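Both backbone and side-chain heavy atoms feed into the values below; hydrogens, waters and symmetry mates do not. In this text, all values refer to a predicted model and were calculated from it rather than measured experimentally.
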Amino acid sequence: MSEDAIRCWRLDTGGQTLVLALRAGRLPECVYWGGALAMDEDLETVALAHAIDRTGGMLDANPDLSICPEAARSFPGQPGLILRRKDGTPILPRFSLVDNETSAAIAKGSPRPPGGEETPGRHGRAIGPRDNGDGGGRGLPGVPPGKTEGTTLTLTFTDTPNALTYTATFAADPETGILTVQAKLNSDTPVLLHWLAAPVLPAPQLCDDMIDVSGRWCGEFRLNRTPWAPGIRMRENRTGRSGHEHFPGLLIPCRSATDTRGDAYGFHYGWPGGHRMIAEELPDGRRQIQWGHAAGTETAPATMFETAPLYVAFSDTGLNGLATAFQRHLRDRIVTPARPAAPRPVHYNCWESVYFDHDLATLKDIASRAAALGAERFVLDDGWFAGDDKGRDDDTTSLGDWSVDPRKYPHGLTPLIDHVHSENMTFGLWFEPEMTNPDSDLCRAHPGWVLGPADQIPGRHQMVLDMARPEVRDHLFEQIAEMLSAHPIDYVKWDHNRVLPAPDAAQTRGTLALLDRLRDAFPGVEIESCASGGGRIDFGILRRTQRVWLSDSNDALERLRIQHDAALFLPMAVTGSHVGPRRCHTSGRVLDIRFRALVAAQRHMGFEMDPRELTDTEAAVLKDVTTWWKT
């Protein structure tokens, strides 16, 4: 292909168009991303219009801001791939299109099975949804007239001298308006990966700032506006979770955009491990957005690496348009409910009622009171298990010993579960499978299963299990499966209460593999993702779970803000919100029952107070709001 020859692809979905263009077989650039283009638009003209001028002191040609910017082609900013040989020698790839493998591809926009990733199509040229009368797409062979299908474009490039293959996949969903992009690298010999970005997209020129998300325990989802400036805005989460501190999302409103009008762009990286975001303004004024796993978290040489799916959207109706796209895609494409036809049950969690002080008679009484208020699910939280010598009376012992404590439950969990069922509620149980206490039978028997050095800083008196080890996952599966097989348990609250000693992508993959295995074995059990509240919330974990615990704060005033800002990405159907105690246990604030109940009713409603504290008036208010929520 000559230097002047231009080859273009387009994807159309949800009122937006993305156009890729390449020259001379190099990696393509995104030359347009925005409102829908006419279907007869001359894409070569679009590509030519995208070019920027050259001035003094610059190279004779502008290096491509491609989907994987290459240092070997004089790119002046952050490259999309940083790679070394096993001996540490840097590799600087120069990729070229595998031209003889390109062909059209169609992938239906339907939900995938639990644990499945985005399904790549074959190598593709220009594709888009069939025109269904609204100007939204191009006709595709084999698609019935008037029927809209999702579309997938896969492009493959090779670097023959270095024996590398780079594959980029772009999937368009016309019903949700989300584009899903993902990158994969293959090598003929094991190599060391420092950084691989998902396919890189440009940021718009007509924007002055960006909005990303920070937070802390009991204060999640805080929106930050940062002005664009020359250089890099980099946010990296190295805690090994999605993180309270760095939710993997970015919003870029164009100039004068508001919640309800104007152009805006959104990004979400669907990975429940450490991640990195780069928003860079180059010396020539161009801007790029990169997302990938946290740098250096692929710790071993390998022959294949891939990013998590990066979900992106364009909106011409402001930030609300992005929220609609992300919420709809998560609800309809990512989350797979165990009982899709059933309404969400009103949730009761006993944690802030009893903590570790489990007494069967007390729990039965609380369950009956919760049911009278309208609860339909009872979740037994931390404190029900024990090792051979010690029970779980505080957070210093027994994590990993997943056997029922005979001191608290001399006849097992069956009497409590039977009582819960007699009140027409289902039963859920708390686990923290990825963790162990040094003071536990598990840790004493298998000290080598602990992730990280022996002298690491502990967190909440606990250590992390090495989930990359198959024997660890096998042990945990057997213990959890034994509990789920022996009891009619419909729900698991899966907690993760400390950060990793160091970020490690293999740890995350191991956890996802265990979740996939459990979901395959127990498809009727729903799972909640909790990590000290909102520490592990993203589309990757929600592909394996059905609910998130947004924050450990049950303070309704704080919750109101958290829920509002989290709604930029999360639908109400997956977002747990509970009516807490009269005096909030985390903030000490006292709030009226009407306010607490109505804030919880804005999301997946539940209770977490001790119902014995309620006055008759408070109980009547809560029952009334719960009835309204069910209706």
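- When all heavy atoms are compared, the tightest approach of Trp291 to Met277 is CZ2-CG, 3.3 Å.
- Between the side chains of Asp538 and Ser242, at least one donor N or O lies within less than 3.5 Å of an accepting N or O.
- Residues Asp87 and Arg85 are not paired through a salt bridge, judged by the lack of any N-O separation under 4.0 Å between the basic side chain and the carboxylate.
- The two residues Arg241 and Gly535 have their closest heavy-atom pair at CB-O, 3.3 Å.
- Take Trp549 and apply the ring-ring contact (aromatic ring centres under 6.0 Å, His included) test, not counting sequence neighbours, and it matches His578.
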Chi angles and distances behind the ring-ring contact (aromatic ring centres under 6.0 Å, His included) call for Tyr269, Tyr311:
CA-CA 6 Å; Tyr269 191 63; Tyr311 304 92; 9.0 Å; no
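- Side-chain contact annotation: His244 with Arg216, donor-acceptor N/O pair under 3.5 Å absent.
- A cation-pi arrangement is not found for Arg233 relative to Trp228, the charged atom failing to lie both closer than 6.0 Å to the ring centre and inside a 45° cone about the ring normal.
- Among all heavy-atom pairs drawn from Val335 and Gln546, the shortest one is CG1-CA, 4.0 Å.
- Counted by atom type alone, Glu29 and Ser66 present zero donor-acceptor pairs between their side chains at under 3.5 Å.
- Between Asp565 and Arg222 no salt bridge is recorded (no basic side-chain N to carboxylate O distance below 4.0 Å).
- Ring orientation note: the planes of His246 and His275 are nearly perpendicular, at an angle over 60° on the 30°/60° scale.
- Here Arg10 pairs with Asp12 in a salt bridge; the nearest charged N to carboxylate O distance falls below 4.0 Å.
- Looking at residues two or more places apart in sequence or on another chain, you find no salt bridge (Lys or Arg N to Asp or Glu O under 4.0 Å) involving Arg603.
- Between Asp159 and Arg94, none of the side-chain N atoms (NZ, or NE/NH1/NH2) sits under 4.0 Å from a carboxylate O, so this pair counts as no salt bridge.
- Side chain of Thr324 to main chain of Asn320: a donor-acceptor pair is present (N/O by atom type, distance under 3.5 Å, no hydrogens or angles).
- At least one donor-acceptor pair closer than 3.5 Å links the side chain of His268 to the backbone N or O of Phe539.
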Trace of the side-chain contact (heavy atoms from CB on, under 4.5 Å) decision for Ile67 with Leu20:
CA-CA 9 Å; Ile67 59 173; Leu20 301 172; 4.2 Å; yes
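- In this structure, the side chain of Thr258 engages the main chain of Arg261 through a donor-acceptor pair within 3.5 Å.
- A side-chain donor-acceptor contact under 3.5 Å links Glu280 to the backbone of Gln78.
- No side-chain N or O of His194 forms a donor-acceptor pair with one of Arg84 less than 3.5 Å apart.
- What you find for Leu83 and Leu192 is that their closest heavy atoms are CD1-O, 3.4 Å.
- Salt bridge status for Glu175 with Arg333: present, with a side-chain N to carboxylate O gap under 4.0 Å.
- Using a 3.5 Å distance cut-off with no hydrogens or angles, the side chains of Ser214 and Asn224 do pair a donor with an acceptor.
- None of Phe170, Phe267, Phe314 except one satisfies the ring-ring contact (aromatic ring centres under 6.0 Å, His included) rule with Trp33; the exception is Phe267.
- Using a 4.0 Å cut-off between a side-chain N of Lys or Arg and a carboxylate O of Asp or Glu, Arg54 and Asp60 do not qualify as a salt bridge.
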